[in-house]
Amino acid sequence: MTNLNCRPDCGACCTAPSISSAIPGMPNGKPAGVRCVQLADDHRCRIFGHPERPLVCSGLQPQAEMCGATREEAMIYLTTLERLTAV
């Protein structure tokens, strides 16, 4: 796996997956397919590097397999992964 930098104007990883831990502004986390309230209009995380950022978010690193070549490819991959791992 190759480490990447986040693609500008993407935010797929802040939209497609569910997050079960609390997020500032979303105390019960967020369901899959819902945009995180901490995702700014420029698709950057407002709490990146802050201690209140959920561990699941800080542990998720961009990878070629996950991000694909476009935001749409990333959304398809992450939505599929979410569906396959849903309990």
Side-chain angles (χ1 to χ4, degrees):
M1 283 191 206
T2 304
N3 286 326
L4 304 172
N5 290 320
C6 285
R7 181 179 23 259
D9 297 318
C10 183
C13 61
C14 302
T15 306
S18 61
I19 298 175
S20 59
S21 56
I23 304 164
M26 299 179 108
N28 297 317
K30 67 169 221 57
V34 172
R35 180 185 173 98
C36 178
V37 297
Q38 296 302 328
L39 186 61
D41 290 340
D42 65 356
H43 296 279
R44 300 283 184 191
C45 178
R46 290 185 182 103
I47 57 173
F48 186 86
H50 293 231
E52 60 270 20
R53 186 173 180 222
L55 289 177
V56 67
C57 298
S58 57
L60 186 62
Q61 299 298 312
Q63 299 288 326
E65 296 79 9
M66 176 179 76
C67 298
T70 64
R71 179 184 195 279
E72 290 73 27
E73 286 182 15
M75 286 293 293
I76 290 167
Y77 180 91
L78 289 166
T79 300
T80 300
L81 187 62
E82 177 71 27
R83 189 180 69 249
L84 294 172
T85 59
V87 273

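Because only heavy atoms are used, hydrogens play no part in the values below, and waters and symmetry mates are left out as well, while side chains stay in. Everything quoted here is computed from the prediction, not taken from an experiment.
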(message) So for atom CG, which belongs to Asp42, do other residues, nucleotides or ligands contribute more than 12 heavy atoms lying within a distance under 6.0 Å?
(response) yes
(message) Is it the case that over 12 heavy atoms from other parts of the model lie below 6.0 angstrom from the CG atom of Leu55?
(response) no
Specify the closest pair of heavy atoms between [X] and [Y], including all atoms of both residues, with the distance to one decimal.
X: Arg71; Y: Thr15; result: NH2-OG1, 3.7 Å
X: Gly11; Y: Leu39; result: O-CD2, 4.0 Å
X: Ala12; Y: Pro17; result: O-CD, 3.6 Å
X: Pro24; Y: Val37; result: O-CG2, 3.4 Å
X: Leu81; Y: Thr85; result: O-OG1, 2.8 Å
X: Ser21; Y: Pro54; result: OG-CB, 3.5 Å

(request) May I have the step-by-step check of side-chain contact (heavy atoms from CB on, under 4.5 Å) for Arg53 and Ile23, ending in yes or no? (result) CA-CA 7 Å; Arg53 186 173 180 222; Ile23 304 164; over 6 Å; no
(request) Decide whether Leu78 and Val56 are clustered together by the hydrophobic rule: side chain heavy atoms of Ile, Leu, Val, Met, Phe, Trp, Tyr closer than 4.5 Å, transitively. (result) no
Could you tell me whether the side chain of [X] and the main chain of [Y] form a donor-acceptor pair under 3.5 Å?
X: Glu82; Y: Ser18; result: yes
X: Arg7; Y: Gly68; result: yes
X: Arg35; Y: Cys14; result: no
X: Glu73; Y: Ala69; result: yes

(message) The test is side-chain contact (heavy atoms from CB on, under 4.5 Å); show your working for Cys36 and Ile19 and say whether it passes.
(response) CA-CA 9 Å; Cys36 178; Ile19 298 175; 5.6 Å; no
(request) Please assess Arg44 against Cys6 for the test side-chain contact (heavy atoms from CB on, under 4.5 Å), listing each intermediate value before the final yes or no. (result) CA-CA 9 Å; Arg44 300 283 184 191; Cys6 285; 4.1 Å; yes
(message) Once rounded to the nearest 0.5 Å, what's the spacing between atom SG of Cys10 and atom CD of Glu72?
(response) 8.5 Å
(request) Could you grab the distance from atom CD of Glu52 to atom SG of Cys57, nearest 0.5 Å is fine? (result) 11.5 Å
